Amino acid sequence: MPSNDARNLAQAAVPTAAVGVLAAVVSGVVAGGKGAIGALVATVIVILFMGIGLYVLQRTAKSFPQLFQMMGLMLYAAQLLLLFIFMAAFKNTTLFNPRAFAITLVAATLTWIAAQTRAHMKAKILYVEPDKTDKVEKTGHSS
């Protein structure tokens with residue numbers, strides 16, 4: 001993964017993890033140990049799903065730039081659908097507190113999206129990549 005991609009991943013994952021830890025502490029105080037476990041599980045799921053999605057989107061952008069926008073929309077729709085499926089599947093679980101799980105899942109997802117948007121807005125991405133042949137034609141020799 002190139003450094004820009006890794007930087008974008010870190011800029012989205014770190015705030016999401018921080019929100020997850022805060023949610024685990026609050027859930028632990030409010031709902032006990034099962035609340036903290038639910039919050040941590042939700043945080044891990046969000047970081048895993050969104051991280052894989054970011055990786056797939058970056059690979060698509062490099063391989064098939066013409067599909068980037070469509071792939072991004074499809075990917076976010078699929079991620080949100082999978083998160084709702086997880087919420088429905090664990091609605092009546094006794095492994096952890098489902099309410100803490102659901103609230104943390106939504107909060108972590110919103111945090112990830114906001115942090116990823118911020119990272120993208122602050123990134124200095126070239127719109128056109130310089131080509132080596134342009135240098136040869138302009139200067140008359142290659143450097």
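Sequential numbering from 1 along the given sequence is applied to the chain's residues. Here the structure is a predicted model, which is why all the values come from computation and not from measurement.
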When the side chains of residues 21-29 are checked against the rest of the protein, which donor-acceptor pairs come out under 3.5 Å, sequence neighbours left out?
from  : atom 1 : to    : atom 2 : distance (Å)
Ser27 : OG     : Ala23 : O      : 2.8

Identify every side-chain donor-acceptor pair in residues 32-47 under 3.5 Å, counting partners at least two apart or on other chains, and give the distances.
from  : atom 1 : to    : atom 2 : distance (Å)
Lys34 : NZ     : Thr94 : O      : 2.6
Thr43 : OG1    : Ala39 : O      : 2.8

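Transitive grouping of hydrophobic side chains (ILVMFWY, heavy atoms separated by less than 4.5 Å) keeps Leu54 and Leu73 in distinct clusters.
Legend: residues meeting side-chain hydrogen bond (donor to acceptor under 3.5 Å, both in side chains) with Gln116, ordered by chain and number and at least two apart, are Tyr76, Trp112. In this structure Phe49 satisfies the ring-ring contact (aromatic ring centres under 6.0 Å, His included) test together with Phe86, sequence neighbours excluded.
In this structure, the separation between CD1 on Ile52 and CG on Leu57 is 13.5 Å, given to the nearest 0.5 Å. Rounding to the nearest 0.5 Å places CG of Leu80 at 6.5 Å from CZ of Phe84. From Met74, atom CE reaches atom CG of Leu81 across 11.5 Å, with rounding to the nearest 0.5 Å.
Leu67 forms part of a hydrophobic cluster together with Phe64, Met70, judged by ILVMFWY side-chain heavy-atom separations under 4.5 Å.
Other residues, nucleotides and ligands contribute at most 12 non-hydrogen atoms within 6.0 Å of the CD atom of Gln69.
Nearest heavy-atom pair, Leu95 versus Thr93, reported as atom, atom and distance to 0.1 Å: N-OG1, 3.1 Å.
Applying the side-chain hydrogen bond (donor to acceptor under 3.5 Å, both in side chains) rule to pairs touching residues 98-111 yields nothing, sequence neighbours excluded.
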